[in-house]
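To keep things clear, I will list the structure first and then write my remarks on it.
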Protein chains: 2
Amino acid sequence: MPPAPAGRPRQTHAERTDRSDRRMLDAAVELIVAHGPEKTTLKDVGERAGYSRGLAGYRFGSKQGLFEFVVRSVGEQWLQQLTAATAGKTGLAAMHAAIHTHYRFLLADGQHMRAFYILWFSSAGPESDTKNIVLGIDARRRDDVATWVNAANRTRAADQQLDAHAIAGQFGASIIGIAYHWLAHPDDHAGIKQLHDQLVHTMTLYMTQGHSA
Amino acid sequence: MPPAPAGRPRQTHAERTDRSDRRMLDAAVELIVAHGPEKTTLKDVGERAGYSRGLAGYRFGSKQGLFEFVVRSVGEQWLQQLTAATAGKTGLAAMHAAIHTHYRFLLADGQHMRAFYILWFSSAGPESDTKNIVLGIDARRRDDVATWVNAANRTRAADQQLDAHAIAGQFGASIIGIAYHWLAHPDDHAGIKQLHDQLVHTMTLYMTQGHSA
DNA sequence: GTTCCATTTGCTTGCGTCAAGCAAGTATAT
DNA sequence: ATATACTTGCTTGACGCAAGCAAATGGAAC
């Protein structure tokens with residue numbers, strides 16, 4: 001085998017697609033954050049990633065396909081961080097960890113999270129292909145919380161059982177509300193911290209008192 | 001002047017535009033709810049309203065202009081209902097009324113509210129013209145709540161003052177979270193009621209206890 | 001084990017379709 | 001008659017498809 005030429009090392013097919021996928025993901029994130037999904041064009045994504053105007057369309061099939069890919073990719077990264085942060089924890093401790101991780105992720109703000117939530121909210125309309133993915137992540141978040149509550153319930157008296165479904169629902173809705181505030185007011189660091197702290201506080205109240213429905 | 005033909009009575013200019021505005025508003029709402037803002041075209045709005053393909057574009061200038069009009073119109077209706085429901089009330093009573101009114105509005109669901117929130121969330125991205133209107137409504141909502149809290153503060157001891165800004169922030173974020181849940185899960189009536197009830201409960205806790213930060 | 005060719009896969013370019021937006025024209029109210 | 005409501009013709013640009021080129025892969029013959 002000849003030594004790899006300096007300029008462009010020989011690449012396998014898998015390496016090629018991995019490279020182009022990553023570069024197009026980054027390009028898409030930047031464009032979505034800068035101009036919104038509406039004004040993000042497949043042409044610009046391909047060219048900003050260093051390829052032709054047509055590659056994004058070819059690879060992802062459609063604009064929706066591209067957005068689907070972005071949500072899936074970033075969502076996966078996020079879920080990994082989350083599960084790592086809450087590994088081994090249950091009940092209130094797990095919630096605290098989840099909320100804190102969410103807070104840290106929003107502040108770190110490598111743009112990916114911002115594009116993720118922009119697409120998330122854009123999928124609020126009907127018949128969006130990204131909607132199913134978003135709903136999946138949403139449902140999983142709720143399931144996690146419900147599991148934590150149920151675990152806590154096993155250490156509680158029979159007449160002090162918590163409504164896992166209700167608490168999980170409120171947790172999910174609160175996170176969404178916070179994420180929206182973060183999108184709408186990017187510079188309100190104090191407010192974003194406050195909202196997370198208040199969610200911790202509210203969840204603590206719900207989990208430490210005998211509260212039913 | 002010949003007697004007005006039965007089919008179409010002679011109309012003043014104001015009447016004409018009022019009619020076409022209303023019909024196009026309704027058409028836009030239906031299309032947004034049915035297909036999402038993305039797939040809603042100015043052509044379809046004009047034609048569904050019973051006019052030519054070009055009227056919506058001519059009247060509102062652009063697609064963003066149309067959406068702006070929809071958000072403004074529905075938002076105005078909503079604010080009227082809200083101020084009517086909370087007139088004369090302050091503190092916790094006003095919050096209860098506001099939450100209950102919101103809940104009733106979501107359930108009544110004449111599609112207008114659904115289109116309104118779909119556009120609301122679609123404006124989460126940057127540089128959306130509707131964003132300013134949405135932020136205005138959002139800010140006003142927060143101001144209202146802060147005013148209610150401040151009114152309540154006047155009847156409280158100096159060392160028991162509530163953080164109006166923080167409570168208003170949480171109120172606003174919670175409503176957004178609930179609205180998103182309503183959009184994402186239209187048929188989950190129980191969950192939507194529960195979220196409103198929980199917000200009432202949380203606000204009651206915050207307002208009746210000496211809670212700081 | 002090396003060389004050569006068939007095939008697959010990654011990527012680009014050209015074209016048809018359709019919505020947005022503008023400008024010029026027609027119809028209706030004042 | 002004149003201003004205003006509305007329509008129609010046209011341009012621009014994005015999307016998405018299909019045809020084509022280039023690079024990588026798998027095997028067979030040597």
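Residue numbers start from 1 in every chain, and the chains themselves are labelled A, B, ... in the order their sequence lines are given, proteins ahead of strands.
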Rounded distance (Å) that lies between atom [atom2] of [N] and atom [atom1] of [X]:
| X | N | atom1 | atom2 | answer |
| --- | --- | --- | --- | --- |
| A/D18 | D/dA24 | CG | P | 15 Å |
| B/R16 | C/dT30 | CZ | C1' | 12 Å |
| A/K39 | D/dG13 | NZ | C1' | 14 Å |
| B/M24 | D/dT7 | CE | C1' | 13 Å |
| B/L55 | D/dT8 | CG | P | 11 Å |
| B/R19 | D/dA5 | CZ | C1' | 14 Å |
| A/F60 | D/dC17 | CZ | C1' | 18 Å |
| A/R23 | C/dC11 | CZ | P | 10 Å |

After noting the C-alpha distance and the side-chain angles of A/H112 and A/D26, does the key distance pass the side chain to side chain donor-acceptor pair (under 3.5 Å) rule? CA-CA 8 Å; A/H112 285 73; A/D26 289 344; 3.2 Å; yes

Can you sort out the partners of B/D143 under salt bridge (charged side-chain N to carboxylate O under 4.0 Å, His left out), two or more places apart, ordered by chain and number?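 Applying salt bridge (charged side-chain N to carboxylate O under 4.0 Å, His left out) to B/D143 gives none.
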
Take the C1' atoms of the five end pairs on each side of the helix from C/dG1-D/dC30 to C/dT30-D/dA1, derive the two axes, and give their angle rounded to 10 degrees.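 That helix gives 10° between its end axes.
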
Would you tell me if any nitrogen or oxygen in the side chain of A/S20 comes within less than 4.0 Å of OP1 or OP2 on C/dC11?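 Yes, within the criterion.
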
side-chain N/O A/S52 vs C/dT13 OP1/OP2, d < 4.0 Å: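 So the side-chain polar atoms of A/S52 never come under 4.0 Å of the phosphate oxygens OP1 or OP2 of C/dT13.
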
So, for A/T130 and A/E68, which heavy atoms are closest and what is the spacing to 0.1 Å?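 That would be CG2-N, 3.7 Å.
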
Hey, what do you get for CG (B/L107) to CD1 (B/I192), rounding to the nearest 0.5 Å?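 Going from CG on B/L107 over to CD1 on B/I192, the span is 6.5 Å.
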
Contact string for nucleotides 14-22 of chain C, one letter per nucleotide 5' to 3', B = base within protein heavy-atom range under 4.0 Å, S = sugar-phosphate only, - = neither, reads BB---SSB-

Where the side chain of A/Y51 is defined as all heavy atoms beyond and including C-beta, which of C/dT12, D/dC6, C/dG10 is the nearest nucleotide?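 Of the candidates, C/dT12 comes closest.
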
Does the plane of the ring in [X] sit parallel, tilted or perpendicular to the ring in [Y]? Use 30° and 60° as the thresholds.
| X | Y | value |
| --- | --- | --- |
| A/F121 | B/Y180 | perpendicular |
| B/H196 | B/H102 | tilted |
| B/Y206 | A/H201 | perpendicular |

Assess whether side-chain contact (heavy atoms from CB on, under 4.5 Å) is satisfied between A/T202 and A/S174, documenting all intermediate values. CA-CA 10 Å; A/T202 304; A/S174 296; over 6 Å; no

Are the aromatic ring centres of A/F116 and A/W78 under 6.0 angstrom apart?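 Ring centres of A/W78 and A/F116 not closer than 6.0 Å.
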
